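Some notes on the structure that comes next.
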Amino acid sequence: MLVVAALGGNALLRRGEPLTAQAQRANVKIAAEALAGIIQAGHQLVITHGNGPQVGLLALQGAAYKPDEAYPLDVLGAETEGMIGYIIEQELENVLGHDRPVATLLTQVLVDKDDPAFSKPTKFVGPVYDRKEAEARAEAAGWQIAQDGDKWRRVVPSPVPLEIPDIRVLKLLLEQGVVVICAGGGGIPILRRDDGSMVGVEAVIDKDAASALLAQQLGADALLLLTDVDAIYRDFGKDTATPVHELTLAEARELNLPAGSMGPKMAAAGNFVESGGISGIGRLEDALAILERRAGTCVTP
């Protein structure tokens with residue numbers, strides 16, 4: 001099968017860990033072991049990943065240098081695709097014994113300039129703060145902030161991904177048996193001008209939504225949304241919580257899932273399943289078992 005595996009933020013940084021290169025590499029080593037199992041089972045693999053903490057950190061670093069000359073979010077997104085892709089690529093090559101080609105592709109993703117997300121930022125980026133510090137930083141830098149659990153973070157626009165112009169390059173790489181890492185952090189957000197030319201835009205696209213679009217445009221057989229929760233739960237957070245191991249598309253859309261965590265994953269899974277594939281949601285360590293429907297939650301047409 002052709003499998004698109006989307007790595008959640010836990011694959012790079014677990015909540016509360018310092019945002020260091022060492023911490024990220026240690027987590028990526030675990031991810032590489034899980035992903036290698038899919039390849040070793042004979043499947044083709046495309047890997048995507050999040051970048052919220054990393055893009056936020058780069059923005060802070062840029063502001064600390066020359067606040068009036070800070071790089072825009074599309075450029076920072078490209079930087080994180082290269083940085084994170086490099087670590088995943090290297091650790092995966094190490095696990096595979098360097099007998100399979102692995103490549104990272106900077107991936108542009110088209111969005112609509114009139115997307116309502118530009119007037120209502122919701123995407124969390126950067127570190128977490130207590131409310132007082134978050135408000136002080138927001139006032140100084142012109143941020144918008146929102147509550148994330150018991151902390152506060154910066155929020156930026158997260159428009160809907162519409163098209164992946166680099167899809168032809170991705171298909172060429174797959175035809176040559178390359179394991180591809182792409183669309184990191186949801187890809188680099190771009191707009192199409194009236195004359196057909198492209199330009200970057202200040203936004204961060206949702207990784208799960210971009211991964212579903214990628215899987216559709218590649219004609220993938222399966223989309224795996226890998227996180228730190230073992231399955232979708234009914235009544236999550238309550239004493240009556242129970243894991244759900246298989247859902248039809250209709251059943252999945254009836255679930256009331258948290259907007260900040262499982263909600264976007266289920267929406268992405270549903271969008272992909274509409275195109276005829278299957279989607280699995282569950283723990284990163286269970287990646288192959290989820291694909292084989294032995295773990296996690298499977299969403300089917």
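Bear in mind the structure is a predicted one, so any value in this text is a computation, not a measurement.
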Hey, can you pull the donor-acceptor pairs under 3.5 Å for the side chains in residues 125-134, sequence neighbours left out?
{"unit_1": "Asp130", "atom_1": "OD1", "unit_2": "Lys132", "atom_2": "N", "d": "3.3"}
{"unit_1": "Asp130", "atom_1": "OD1", "unit_2": "Glu133", "atom_2": "N", "d": "2.9"}
{"unit_1": "Arg131", "atom_1": "NE", "unit_2": "Glu135", "atom_2": "OE2", "d": "2.9"}
{"unit_1": "Glu133", "atom_1": "OE2", "unit_2": "Arg137", "atom_2": "NE", "d": "3.1"}
{"unit_1": "Glu133", "atom_1": "OE2", "unit_2": "Arg137", "atom_2": "NH2", "d": "3.3"}

Problem set entry | Under 4.5 Å side-chain linkage, directly or through intermediates, the cluster mates of Ile278 | none
Exercise. Does the pair Ile145 and Val155 meet the rule for a side-chain contact (heavy atoms from CB on, under 4.5 Å), with working shown?
Worked result: CA-CA 5 Å; Ile145 58 172; Val155 287; 5.6 Å; no
Problem set entry | Test item: Leu106 and Ile188 side chains (from C-beta on) under 4.5 Å apart, heavy atoms | yes
Problem set entry | Side chains of Ile181 and Val102 in contact at under 4.5 Å (non-hydrogen atoms) | yes
Problem set entry | Distance, nearest 0.5 Å, that separates CG of Leu226 from NE2 of His49 | 13.5 Å
Problem set entry | N/O donor-acceptor pair under 3.5 Å between Ser279 side chain and Leu223 backbone | yes
Problem set entry | Sequence-distant partners of Glu163, salt bridge (Lys or Arg N to Asp or Glu O under 4.0 Å), two or more places apart | Arg192
For this session: Count the heavy atoms belonging to other residues, nucleotides or ligands that lie under 6.0 Å from CZ of Arg294, then report whether that count exceeds 12.
Result: yes
Exercise. Any sub-3.5 Å donor-acceptor pair from His245's side-chain atoms to Gly296's backbone N or O?
Worked result: yes
Exercise. Under a 4.5 Å side-chain heavy-atom rule over Ile, Leu, Val, Met, Phe, Trp and Tyr, are Leu162 and Ile190 clustered together?
Worked result: no
Seminar exercise, completed: Of all heavy-atom pairs linking Met198 and Pro165, the shortest is CE-CG, 4.2 Å
Exercise. Charged N to carboxylate O below 4.0 Å: is that the case for Lys151 and Asp148?
Worked result: no
Problem set entry | Step-by-step side-chain contact (heavy atoms from CB on, under 4.5 Å) determination, Leu170 to Cys182 | CA-CA 8 Å; Leu170 288 165; Cys182 64; 3.6 Å; yes
For this session: Is it possible for you to say whether Ile205 and Val160 belong to one hydrophobic cluster, with membership spreading through side-chain heavy-atom contacts below 4.5 Å?
Result: no
Exercise. Do any N or O atoms from the side chain of Thr240 and from the backbone of Lys238 form a donor-acceptor pair under 3.5 angstrom?
Worked result: no
Exercise. What's the shortest heavy-atom distance between Ala34 and Glu285, and which atoms?
Worked result: CB-CA, 4.2 Å
Exercise. At what distance, to the nearest 0.5 angstrom, does CG of Asp166 lie from CG of Leu214?
Worked result: 10.5 Å
Exercise. Taking atom types as modelled, is there a side-chain donor on Thr122 or Ser158 under 3.5 Å from an acceptor on the other?
Worked result: no
For this session: Report the distance from atom CD1 of Ile232 to atom OG1 of Thr297, rounding to the nearest 0.5 Å.
Result: 5.0 Å
For this session: Answer whether the closest heavy-atom distance between the side chains of Asn51 and Ile84 falls below 4.5 Å.
Result: yes
For this session: Go through Leu174 and Leu218 one step at a time and tell me if the side-chain contact (heavy atoms from CB on, under 4.5 Å) criterion holds.
Result: CA-CA 10 Å; Leu174 289 172; Leu218 287 176; 4.0 Å; yes
Exercise. Which heavy atom of Leu35 sits nearest a heavy atom of Ala5, and at what distance?
Worked result: CD2-CB, 4.0 Å
Exercise. Below 4.5 Å, heavy atoms only, C-beta onward: do Leu7 and Leu284 meet side chain to side chain?
Worked result: yes
For this session: Indicate yes or no: at least one non-hydrogen side-chain atom of Val3 is less than 4.5 angstrom from one of Leu291.
Result: yes
Exercise. If we only count heavy atoms from C-beta on, is the Asp228 to Arg283 side-chain gap below 4.5 Å?
Worked result: no
Exercise. Can we say Glu246 and Arg293 salt-bridge, meaning some charged N sits less than 4.0 Å from an Asp/Glu carboxylate O?
Worked result: yes
Problem set entry | Residue pair Pro157 / Glu202: nearest heavy atoms and the distance that separates them | CG-O, 4.0 Å
Problem set entry | Steps toward side-chain contact (heavy atoms from CB on, under 4.5 Å) verdict (Ile290, Asp286) | CA-CA 6 Å; Ile290 295 168; Asp286 297 333; 4.0 Å; yes
Problem set entry | Ile281 with Val4, same ILVMFWY side-chain cluster at under 4.5 Å | yes
Exercise. Rounded to the nearest 0.5 Å, how far does CD of Gln44 lie from CD1 of Ile38?
Worked result: 12.5 Å
Exercise. Taking atom CG of Leu213 and atom CG of Asp206, what is their separation to the nearest 0.5 Å?
Worked result: 11.5 Å
Exercise. Looking only at heavy atoms, which two atoms of Leu224 and Ala287 are closest? And how far apart?
Worked result: CD1-O, 3.7 Å
Problem set entry | Shared hydrophobic cluster, Leu173 / Ile167 (ILVMFWY, side-chain heavy atoms < 4.5 Å) | yes
For this session: Apply salt bridge (Lys or Arg N to Asp or Glu O under 4.0 Å) to Glu274 and list each qualifying residue two or more places apart in sequence or on a separate chain.
Result: Arg253
For this session: With Pro189 as reference, evaluate Val204, Asp115, Val201 under the side-chain contact (heavy atoms from CB on, under 4.5 Å) test and give the passing residue.
Result: Val201
For this session: Can you measure from CG (Leu57) to CD (Glu79) and round to the nearest 0.5 angstrom?
Result: 11.0 Å
For this session: With the side chain counted from C-beta on, respond yes when Val28 and Leu92 share a heavy-atom pair under 4.5 Å apart, and no when they do not.
Result: no
Seminar exercise, completed: Residues passing the salt bridge (Lys or Arg N to Asp or Glu O under 4.0 Å) test with Glu33, sequence neighbours excluded, are none
Problem set entry | Where Ala252 and Val299 come nearest, the two heavy atoms and their spacing | CB-CG1, 4.2 Å
Exercise. Is it true that a side-chain atom of Glu89 and a backbone atom of Thr104 form a donor plus acceptor pair closer than 3.5 Å?
Worked result: yes
Exercise. Quick one: do Asp208 and Lys265 make a salt bridge, cutoff under 4.0 Å?
Worked result: yes
Exercise. Do Gln108 and Asp74 have side-chain N/O donor and acceptor atoms under 3.5 Å apart?
Worked result: no
Exercise. Out of Ile47, Thr48, Val46, which one pairs with Ser211 under the side-chain contact (heavy atoms from CB on, under 4.5 Å) rule?
Worked result: Thr48
For this session: Could you tell me whether the side chains of Gln24 and Gln54 share a donor-acceptor contact shorter than 3.5 Å?
Result: yes
Problem set entry | Residue pair Val156 / Gln144, side-chain heavy-atom distance below 4.5 Å | no
Exercise. Under a single-linkage rule joining Ile, Leu, Val, Met, Phe, Trp and Tyr whose side-chain heavy atoms are separated by less than 4.5 Å, which residues share a cluster with Ile30?
Worked result: none
For this session: Determine, using the 4.5 Å side-chain heavy-atom cutoff (strictly less than), whether Val179 and Ile88 are members of one ILVMFWY cluster.
Result: yes
Exercise. Side chains of Arg153 and Gln147: is there a donor and an acceptor less than 3.5 Å apart?
Worked result: no
